Each structure stands twice: as structure tokens, then as C-alpha cells.
Trainee: 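Below are the C-alpha cells for one structure; questions will follow.
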Amino acid sequence: MLLDVKSLTKRFGGLTAVSNVAFGIERGEIIGIFGPNGSGKTTTLSLIAGILKPTSGVILWKGNDISNLSPFEVAQQGLVKTFQNPQLFPELTVVEHMRIACHLHIKRELGIGRLRTLIGGMPVGLDRLLEQKIDQVLALCRLSSQRNEHAAALSYGGEKMLGVAMGMLCEPELLLLDEPASGLGHDEIANLDAVLRDLKSHGVTLCIIDHKVGFLGRLADRSIALHHGAVIASGKTSDVLADESVVAAYLGKKHA
Amino acid sequence: MTQLVIGQLLNGVIVGTLYGIIALGVTLTFGLTGVVNFALGAFMMLGAYATWYLYDVVGFPYPVAVIGAVVVVSIFGYVSDLALFRFTRGNLVNGLLVSIGMISVFEALVLAAFTTTPKDLTYVLPGALKVAGIVLPKIKVAVAAVFLAVILGTYLALTRTWLGRAAFAYAQNPEAAALMGIRTGRLQTIVVVYSTALAGLGGGLYASMYSIEPTIGSAYVLKAVEAAILAGVGSVLGALGGGIILGISENIGSVFFSSAFRDAYGLVFLILILLVRPGGLFGDRS
Amino acid sequence: EDVVKIGQIEALTGATATYGWMSAQGSKVAVEEINAKGGFKVGDRTYKLELQQVDTRGEPREATVQFRKMMEEKVHFVFGPFLTNVFNAIEPIANQNNGKFLLFAGATSAHAALGKPDHDYLLRTWNWDAGSAGFGKLMVDYLKKLNTRKVAMLFQNDAFGKTAVDIYSALFKDAGIELQVELFEPGTKDFSAVLAKLAAGKPDILFPGYSDAVLYDIVRQSTESGFGNRFFLVRGSIGPALKNKDAIEDYIAYVPKYFEGAEKTEPKVRAFIESYQKQFKREFPYDQAPLCSSSCYDHVYMLVEAMQKAGTVDDVAKIRAALMSMTYEGMWRIKYDKTGEAVFGFDVVHVRKGGAIERVPYDPTKE
Amino acid sequence: MKYAISVGLLLALAVPAFVHSDSMLAIAIYGFMAASLAVSFNLIFGFTGQLSMFHAASFGVSAYVVTILVTTFGWNFWLAIVPALAIVVILSLIVGTICFRFKLKEFYFAVVTLAFSEVLRLITLNWNSVTNGSLGITIVDTPKIWTPSGTFAIAGGVAWYYVTLALLVVVYAVCSRVLKSWIGRCLAAIRLNDQLGETLGIDVFKYKLLGFAIGSGLAGLVGAFYGFYAGFVEPHFLSISLGLDIIAMVLLGGVNSLIGPVVGALVLTALPHVIELSAELRIALYGSILIFVILVMPKGIVGLLTSRNHAA
Amino acid sequence: MLDVSNLSVSYGKQKVIREVSFKLEKGEVVTLIGPNAAGKSTTLRTLAGLKKADRGTIHLAGKDITESSTVDRVRAGLVLVPEGRQIFTKLSVHENLIIGAYHRADRDHASDDQERIFSMFPRLRERRDQKAGSMSGGEQQMLAIGRGLMSRPALMLLDEPTLGLAPIIIEELGRIVRNLAREGLTILLAEQNAMMALGCTDRAYVLQSGRIVTSGNAKELSETTEVKQMYLSA
Ligand SMILES: Nc1ncnc2c1ncn2[C@@H]1O[C@H](COP(=O)(O)OP(=O)(O)OP(=O)(O)O)[C@@H](O)[C@H]1O
Ligand SMILES: Nc1ncnc2c1ncn2[C@@H]1O[C@H](COP(=O)(O)OP(=O)(O)OP(=O)(O)O)[C@@H](O)[C@H]1O
Ligand SMILES: [Mg+2]
Ligand SMILES: [Mg+2]
């Protein structure tokens, strides 16, 4: 088990946003999270990513409890989350965003040897490698043409894709995506689907929230559904989507 | 000893209301325009000089002189908003430096007109109240009462009126506020002018308690900024509370320790409070 | 036409500007007067004065640059600085230029530098608290006569305040008077807390310093809140006493000259005040350190007289010798003692409840 | 840009051959030291986005420590720099840790660092036995330099001119290397969106602290030299007005570059000596320039010049 | 109600909207559909006065508002519910709604309308006093729509209102939109989610790279194979 979440609970004042949630993620799978608005999906991922601290419960990453780590420590362990509301570095261009996202790669590659780059500059080989990688990811995410534009000039969909691209550059073992497809058009969703499948084939584990049931239903091997902060269904995605309580609380009508 | 402490506690409250009235201006302008108007100290100084001029030189009754001073200072405030602050909205550092530049200009003006010679107003309300061995000058009590009334009035106006609601909304998201039909530019101008008027009032009443010089503003605006931060920016009653806390800590600190460290007592308090509540005492934690 | 340059290096703006600003005005009045009369003759040549006034803002660093510039421009006579920290900063540069110019300094710390090697340039225009001809000792004696046992000193925490506390601590100790000291931050306006604290120590008299700006506040707050009504001071004017005349008990001040009185009896004082009013088109600030403007005024004239006596405008050694040997009769009678410290008379003014003024003149130049 | 900087540096090296005025050199020397302060400040302010009001304190504390070690304890000047820098860095780490742990940002950060700075100033002002209080300490020693051809004292305008120019080059080089490295990117991420930076694996706290400590340490380095040229140290070294002057220099020159603060510092240092006006007019002029610069040239002198170039 | 003709908008040198013209009748629900970066948001922002048009005119109820400020447009009854919600994060849900009524003459009686909004989105009632910034993405979207309705607009522009909403709520939203139109409100939607959009609208315009490429009756449009292929299969 790559990630094991046990009886995770998060309270905000009197409101229990996540209540006793437990699930596990195996290496290499894609897991989907469904649930009505305000059911605690984002909160759950934020807890895993260290952005929020759980009220109780444990989060085991490869067997170690990570529930008290800061977001950057979690990211360094190989768990990276994207944001539901696109987050950017204002003023910077798309490619500059990507260079910042290479932080973890450089850190892994050079370690303490980074100090040497203060005098000698970055090793040429590494620099070239990173630029290649950036171009590759930008192409995959269809952002190449906007490479040198200010990120603030992207359309909403573009901003979301930039988030995914940055997440990919962190080279996570587990990538947590919060509604990557919302705001994307059909074409872009198809592309996203391909990108994510490709990631999976390269051994990256994915945990995805989305309300685009068609998209995520096709993509996810397994799913869980939350309602009022609690897991109401889990298992094979098609089974979860067919679950009566899920239909009643979330889908409204049976999904094709 | 208890008399000494209680006396200074009360004096701290009184001094604190003066910090509070300027702090209120700081808090409102910062909250709404994103600018820390350091020049509020200079506006206060202008208010003090205008009051002195109207009262001692022209010979108006004191209340009329103060009202006149408030009007004069508001006009200065309006003009400086039109000419300067309008262009620095939302930019903390630029606004800060523009206001510092204005301090220089105002000080130079007053210096040229009235020289460095301190002015001491003819006493408006001499004498003191004596209660249980504690002596409080009448004028200080009266001034503190006016400040309290003005701050509470502002609080009521902001929490109970649409203008106040619009102000809070604007402070958070200017574009969305425009989409709600809030006339943002006008609102900001109102706030800038109102806070300068508060500073003018502060200066006008200040002049009845202390002697005035062209440099009086700078010390007070620093205190006011500390008070606003201590309280949490955006909180009206907090500005008052922050001012009073500063006033008390300075006075009581000076009694028990060396008065040479007077300014440090408030600062240490400020640091401690922000460590416990990073958003300020009355602000929200974020 | 020939000119003699006079420099003046003072704080003209900023929180410490009060004295420097007034000094600058006094020399300006003198220079304009002299030039208006067509200058002055030394030998068979006529010279006019050129006054270069710079504003140090009270910042030592600024002063060092400005002072260097004056030295480069071969200014032979420099008035100022009044501020102790500024004097300390320019002293090393002045030492390097020893023999090339004269400095008419006012700073208290200049007292200690008088007569040291490399300090031939130094003259001190105001006999302040310290020194044999200083008034500090006389003032303390005056207090002693009033049976004072304990004094509370309340001074601004700056270079001068610290110097004053050092000087007076020693003087009070010698006189067997107990001393309580509190320092306040520059810019303080509310003295309530510190006054209350001092009052708790039950001093006989309060010794506040040192400019009118704080005196008005201290005297008012102290009397209004009942912290004390007896004052003793060595700077500032009697304005605060007169304003609170019914609230004070005693108010004893060193005043180089009681201008309100002198104006009526001394024509030279009258003339100076008129000239000042004409020059600056404003009221004469009686309660604003008139000693600074008037003494600078006198010293400019004294310097001119010395140049005429010495028969040169640029041999500073000769001019210094002339200054040291002469007695100038202006608003004051001024002499220099052998170290280069100016000696001139002053008044002790004692204001009593109700505003009665008693004036005790001292004239050390007579001894 | 690189080209312009090199030419500027060469010109600067040649200046003492032509300018013999001691006061002109003094202006240049103070200009270089102000520029070093401004450059190091901009590392914290312009590039990390932290409006530190602690810079004057770092500068002043170091000046005092070096002075006291040399004048009271007879240390060698160069040796004294080491503990002075250590103390400054430790102080900045303490202040930084407190501010950043509690996530103080923007204005709150500015006011809290100001508070620390003021407390340090008041301690300096009132710790009479060690700092000589408001009178400050007069320095008569001159630092010495060892060269193969013998030791000589750093005294006089020309020697100090080159020493302070070298100081500026060192400070500039350190900041430039730091900004070009991975640290620079982390600092940018922190300035622009620290929450996003954190999820990308950047230890926001550590890098904020690092930027703050490097900038403050460099200010300390300037402080060490400053007192020895000026000939004194005094509590005003730690004053708010110095902090504000530095900000003004940075904004005048332009925040977005390293060279901007240098230009701003040189201009603002020289200006009052170039234009001679009556005192009242001078402060009014200073204020007006400040306002003018910010309203009309929001990107500063350098920003203005470079954007012209781009347009052309 | 709304008459847009030959509208062109650009960011710097980049032309984003080119010569776009369309019309809305009173009580009509019309959709702008189109892929990412087609210029939908830009169009709506220009209509709301947040972005200046290069060329073209905008008429609202016969009056030329091309040069009017955002506030004047709001007062004339044109309200935009912006993309990415832009709620007032530090105000409570209740306060956010109330501020929506700011420009109304009868704003002191706005609480009745608030009840209506609560019955449309019961979740908001549950969260009445929560700080809006701490609400979930979908809840914020509901709030943004509710706040827009509080101003009793004559014409409401909705920029991707389905963003982040659960399917069940999207369906509900469709019903709400139709009801509002029946009450006389005119609505312009910008949407990626063509399924929902076409389901509840009368007419639609398809925007691509800043140009209107097709338009027509919503039902008919959703039958065309092109649109079907492009937008409906997600
Ligand atoms: N900081 C907070 N303070 C108070 N309540 C909060 C806070 N953060 C989230 N909540 C509440 O917790 C609940 C769960 O929120 P969460 O963001 O996890 O929902 P979600 O499942 O992601 O919904 P959506 O699909 O709309 O994004 C919501 O009702 C929200 O209002
Ligand atoms: N502030 C801006 N500066 C420069 N270009 C911009 C800006 N905002 C948007 N653009 C560009 O304008 C084009 C249209 O953007 P717009 O946001 O209107 O698209 P959209 O149709 O709403 O897309 P989405 O469905 O992704 O929100 C895009 O190419 C975008 O990059
Ligand atoms: Mg969510
Ligand atoms: Mg859009």
C-alpha cells in the first residue's frame, strides 16, 4: 500500500468536514474521488498534502505517518497536490513557472552540491535536461505556444493545465489532482485524459477529484464517494457510480 | 503607589485615545486603499497649526477653530487624494513613500510660514479634576471624551450602514465590488478624506493639550501604525483598543522602569501580541 | 570687490533645529547689515561678507561632507556647530585643517577640546554650563542658597542631555544636593508618567531641559496635575513661567539676557530686534533662544573688528590673536579667556508666583 | 546591461585620478556604502518580497560591535568583523524565525521588524557603559591592509574610495550569485505565491530566513566599515529614518534589478550636495522628488531606462 | 434587450475578440459555447465594462452603454457573475448576499430576496454565517450566483456557472435558469458544459478563436454533428 489513510477526521469549529475517512491507494492505480459540493473532497486531499492538519487520524505514506509534515516536506516525499482554484505566480511567464517547479528535481539531483552552483553555476548537462523536460511537459499540456506569455494572461482552462504541468515537473510518486478538468473543454479533456494515462504508464499513481463524471469515470480504476465528509461508497468506479446513495446524493440521475 | 499607578493608567487611556483616533485613520485607509498613509501625522500637525492660527491669531472661539481646522485639513486631504493617493492605491510601498514625501512638503510649508518656534495655545480649559487623590487635567478628559465619541460613532456608522458594508467589500475584492455597483473610486476618496479629517480633529484637540511644532506628527503616526497593527488592520474598535493598550503600556512602563525606554514598552507588547495572534488582537487569525 | 567667506554649519531643519536655526538668523542679520553699509575696510581694501549656511539636519555624516567642502572652498571662518554629536564628528577633519581656519563652535563638548594640540582653530562662542566662566556652578550655588536638598533632572535623551547630566551630576554632588535623573525620548509631549514618577521621589525642585518646546509642556503638565511647581533651568526662556504664572511657585532660569527687559533699556538690543524684524518680516521670537541669534550677531561684528585690528582677512593666526586680546562691546561685552572660551555676562531670572520677576545679573568679564 | 555595468565600474575605478576634492570623494564613499546597503536590502525587499525594517539595525549593530571591539578591547579591525557579522546574522535569524514561524506578512512583518529594530536602538541609546549612549563612540583607529610591499593604513579619501568600491562589488556579487542560483527562484516563488511554492516542495520558511539573513549579514558588513570611515558611531545608525532612506533609494533606482538600488543610492546621496537650496526648500524638494519618482517613474530610473531600450 | 455589434477586443497586440455581433431578447436564455481560450470570458468582461472594447457598440435596452462604467451598467440592470467566483472571502455568506443588493433603491428589504436564494441553494442557508472564503469550491459558486441574483438584474451574465458544481446541482441550476427566464430575466451564459447549457437555453452562439462560427436554436444546434462531436461527449 502506497498511501493508507486511517480514520481521518477534520473539524472546523462545529462542522465536521471530513469524518472518519479511511481508504488506501496502491502504487500505479488511478483513484477517483466523487461527492457533492462541500462533501469534504478538497479537505481530504489538503490533509494528505499537509496543507491542513487533521483533527485526528493517521496518514501512512509507505508505512510512515506523514500527517504532521508541512506541505513542502510532503512534496519532497513524492506527494504533490494541485489546486482547485488555479494558483499562479503573478508576473511570471509560463516557462518561469515551470523552472520553479523543477526545484525538487534539482534538489534530488544535486543535494548539498547545490552550494557549488553558487559559484560555478548550474551544471550544463542538468540545465539542458531540465529545459528539455520543461518543453516536453509544456507540449503535452498544450501550453507550448504560450511558453513565454505571462501566466495571468492564460484563460481559465490554461491556468488549470499549468497547475497540472507544474505538478508533473515535481516528479511525484503520487499526484493529487483537484478538479483538473473543470473549466476544460471537450478537446482539452481528451488531451488531459491522454496525459494522465501516460503518467500512469510511467508509474505515477494518481488520485483525482472531479465532477466531470464521464471523464473521471472512464479514467479511474477505483473510486470512493464522499458525502457529508464520510465515505458512502468505494470500490470499482462503475460500481460506485451506480451506487444508489451516490446517485441520490450526487448524480441526481443514473449515469450512462 | 496605587494612586500613582491608577493615575497613570487613566492617563494612559487618555493618551491612548489620541493614538486611537489617528490609528483609526490608518486602519481605514489601509484597509480600503491598501496604503499606509504616514502623512496622517503631517495632517494632524496641519490641524494643530490651523487650530492655533484660527484660535490664537484670528481669535475664533476654540470649537469654531477646531471645526475650521478639520475643514481645512479635509480640503488638503481631498486635494492630495486627487493628485497623489489615487495613483498609489493597492500599493503599500509606493503609498508609504508618497506619504513620506508629503510629510516633507507639509513640514517645509509650515516651517516656512511659522518657523520652528513652538506654539503653545492659550489654555482652553485650565484646571484639573481631583478624585480620590488622583488628578486629571480637565482638558485631557474632555479631549478623550470627544475622541471616544468620534470613534464609537465611526464604528456604528461602519457596521450599521451600507457605506460601511461597501467599504469592507471593496477592501477585499475591488473588481467584485464594482460588479456589485459600488462606486469604488468615490468610496476610497471618502475614506482618505475622512481619515485626514480625523487627523485634523486629532491635531486640533492635540493643540489644546500640548505645544506644537512642525515635527509633532511623525511620533504620533508611528504610534498610530503600531496601534492599528496591534489591533488588527480593519478593526475600528481595535484601533481604539490598540491605542489605549499602547498608551497604558508606555505610561505604566515609564513608572516602573526607565522612561528612556518609553517607546520600547509598547513595542515589546506589540511583538508579544502578534506572536500570540498574528492577525492582531481584534483581527481574524490569518 | 573682495569678499570674506563666513560659513555656518548648523541644523536648520529637523527635531534638533531650534538653536541652529536661530543662530543662523543672527549671523544673517549681521552680515546683511554690514554688506548694506557697503562692507568693511581692512587696510585700504573694502570687503563684503559672503555667508554660506548649510543645513546638517543634525546629522553628523551630512555635516562632515559639508564641512569638508567648506575647507576645500577655503572658508576661513566657520560658525557652529551647536550640536555636540555634530561637533564630535567634524572634529577630526577640523584637526587636519588646523591653522587654516577658525571655528566658532557652540557645542558643549567643544569645551573639553579647547586648548588641546591641533585645536588652534577652536573658539567657543557661548560659555555654557561647564568651565570656569560657565554659569553651571553659579546656578547650583543659587539653588544652594535657596536651601535645596533634592533636585529632579528631566532631560532629553540626546547628546546634549547626556552631557548636561554628566556636568550637573558632578556639580550637584559637590554642592551636596541629592539628584534624581530621568531621560525622555526626543519628541515626547506627554510627561505625565515621568513627572508622576519624579514627584513620588519628593524633590524640592524640578530641573527640566532644555528647549522651550518641552518646557511649555513640562511646566504646564507638572503644575496642572500637581506634580510640582518649582522649576530651575539653564536653557530656554521664561515664557513658560509667565504663561503659568499663577500655578508656579518659583521658576529660576539662566537667561543670557532678559530680552523683554533689555529691549527697553539697551539701544543696541533694540536695534538688533528691529533689524531682525526688518530682515525676516516677522515678530522677534523672544522665547525662542534669542541668545543664539543675538550672540551670533555679536560674534560676526566681533570677528570683523578683529580682522580690522589684525589688518588681514586671511591670516587666521593673527586674527585669532586679535580676538583673544580684545574686548568687544556689542549687545554684550565679550572677551575670550586664554583657552578660547568666550566670556560674557548673563542674568539669572527668578519668576515667582503671580509673575513677579527678579533679575540677578552676572558679569564675569568684569573680574 | 552587463556592458553598462562594466563601463560604469571602469569609470568608477578611474575617478580618483581626476577628482581630487576630498568632499567629492566623501560623497562617493558614502554613496558606495549606501548603495551596498540598498543592494542588500533589495535582496530581502525586491526579490523576496519582505519589507524589512530591520536593515538599519543590522547595519548599526555591526558598526557598534566592531567599534567596541576595536576601541575598547583593542581587537584588530578585520578580526572584529567576524563576531560582528556573526551577531548580526544570529539576531536576524532570531527575528526572522519569530516573524516567519508566526507567518507575519507584509505590513505586519514590517512593523514587527521595526519594533525589534527600535528596541535595539533604544538599548544602544541607553546602555551607557558600553555604547556611551547618545554621544556615540568616536573612532580614531584606522584599519590596516597588508600587501607584499608592506602594511598601510586605510586613511584618506582615495584609500577609502577604493575600499568602499570593493565593498560594493562584493555585496553586489554575492547578491547576484544568490539570485542567479536556485535560491533566487525560491525567493521569487516566496514573493509571488508562497502557498503554491510550498506545495511545489520549497521550504518557504527556510528560504525566507535565508534571504533575510544574507541581506542582513551584508548590511552588517557595510556597518563594519561605515563607522571607521565616518570616524564615529552613534545610535542614529539604527534609526527608522535610515531604513526609510534605503527604501527610497531602492524605489528611486528600481526594485526589479540589482543595479537599480545602486543608481538610486548614488543619486540620492549626491543630490543634496549638488543642488544647494535653503533648508525649507530642500526638504520640500526632497519630498517632491520622492513623490514624482513614484508617480511618474514607478519602475525607477533603471526600469525607465531599460524599458526604453526594449521599446527601441 | 442586449444588442452587441461588431465588438472587437484585444489584450495588448493580441486580438481576442473579432467583430462579434449578437442579440438577446427580453426573457431569453442564450449561451456562448466554445473551447478554452475562445474568448468567452473576455466577451462577458467587456459587456460588464471590466475590459475596454477596441471597436463595436453595446446597447442595453436601447441605450448605448459602450462607454459606461461598470457601476453604471450594474445600475442599468446588467450583472456579471464572474469566472472564478470572486466572492468576498472574509465576509460571511449572508453578508456576501446582502452586498449584492447594494445598488438597489429598496436594498433595506433585501432579506426577502435572500430567502428566495436560500430556497434555490439550501446549502447556503446551512452555511449562512460561515466565512465565504472557507467554503468549498462548489459552495462558492452557488454563492456567486446567488449574490448576482440579489441585485435583481434585468440581464444576467453567467461565466461558467457550472464550474466545480456537482452533477446534481448542475441539473438544478438548469431548472433555476429556466425559472428565472420565465420570470422575465434575460440570461447570457458562457459555458464549456454544452450539455447543460444547450439543455436550458433558447439559442446559442458558438465562439471559436474570438469569432462566432455558428449560431441558432439550441435544440437544433445540439443535433448538428459538429457540435455534438465537439462539445457533448464529455
Ligand atoms: N477553513 C474552513 N473553515 C470552515 N469550514 C470549512 C473550511 N474549509 C472547508 N470548510 C467546509 O468544509 C466542507 C468541505 O469542504 P471541501 O472544500 O472539502 O468540499 P469539496 O468536497 O471539495 O466540495 P467542492 O466539490 O464544492 O469543491 C464545506 O462545507 C466547507 O464549507
Ligand atoms: N489579461 C490577459 N492578458 C492577455 N491575454 C489574455 C488575458 N486574459 C485572457 N487572455 C487571452 O485571451 C484569450 C481568451 O481568453 P478567455 O479567458 O476570454 O477565454 P475563455 O473562452 O473564457 O476560456 P476558458 O473557457 O478557458 O475560460 C486567451 O488566449 C487568453 O490567453
Ligand atoms: Mg473541492
Ligand atoms: Mg473563461
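FYI, side chains are in, hydrogens and waters are out, and symmetry mates aren't considered; it's all heavy atoms of this structure. Just so you know, these numbers come straight off a predicted model, no measurement behind them. In the text below, chain A, chain B and the rest are named by the order of the sequence lines, each starting its count at 1.
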Trainee: For D:Leu125, is it the side chain, the backbone, both, or neither that has a heavy atom closer than 4.5 Å to a heavy atom of chain B?
Mentor: neither

Trainee: Does any heavy atom of chain B fall under 4.5 Å from the side chain of D:Leu295, the backbone, both, or neither of them?
Mentor: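 It is the side chain, since no backbone atom gets that close.
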
Trainee: For D:Leu251, is it the side chain, the backbone, both, or neither that has a heavy atom closer than 4.5 Å to a heavy atom of chain B?
Mentor: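 Answer is side chain: those atoms of D:Leu251 sit under 4.5 Å from chain B.
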
Trainee: How about D:Ile123 and B:Phe261: do any of their side-chain heavy atoms sit closer than 4.5 Å?
Mentor: yes

Trainee: Does any heavy atom of chain D fall under 4.5 Å from the side chain of B:Ala83, the backbone, both, or neither of them?
Mentor: backbone

Trainee: For residues D:Ile291 and B:Gly101, report the shortest heavy-atom separation together with the two atoms involved.
Mentor: CD1-C, 3.9 Å

Trainee: Is it the backbone or the side chain of D:Ile247 that comes under 4.5 Å from a heavy atom of chain B, or both, or neither?
Mentor: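 For D:Ile247, backbone and side chain are both near chain B.
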
Trainee: Side chain, backbone, both or neither: which part of B:Leu92 has a heavy atom under 4.5 Å from chain D?
Mentor: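 Only the side chain of B:Leu92 comes within 4.5 Å of chain D.
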
Trainee: Under 4.5 Å heavy-atom distance to chain D, tell me which part of B:Phe30 shows up: side chain, backbone, both or neither.
Mentor: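 Just the side chain, heavy atoms under 4.5 Å.
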
Trainee: Of the backbone (N, CA, C, O) and the side chain (C-beta and beyond), which part of D:Phe45 lies under 4.5 Å from a heavy atom of chain B, both, or neither?
Mentor: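 Contact with chain B involves the side chain of D:Phe45 alone.
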
Trainee: Side chain, backbone, both or neither: which part of B:Leu111 has an atom under 4.5 Å from a heavy atom of chain D?
Mentor: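 For B:Leu111, the contact with chain D is made by backbone and side chain together.
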
Trainee: Is chain D contacted by the side chain of B:Ile271, its backbone, both, or neither, given a heavy-atom distance below 4.5 Å?
Mentor: side chain

Trainee: Which residues in residues 46-57 of chain D have any heavy atom closer than 4.5 Å to a heavy atom of chain B?
Mentor: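 Within residues 46-57 of chain D, near chain B: D:Leu51.
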
Trainee: Please classify the contact between B:Leu230 and chain D as side chain, backbone, both or neither, with a heavy-atom cut-off of under 4.5 Å.
Mentor: neither

Trainee: Locate the shortest heavy-atom distance separating B:Ser104 from D:Gly287; write the atom from each residue and the value.
Mentor: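 Distance-wise, the nearest heavy atoms are CB-CA, 3.7 Å.
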
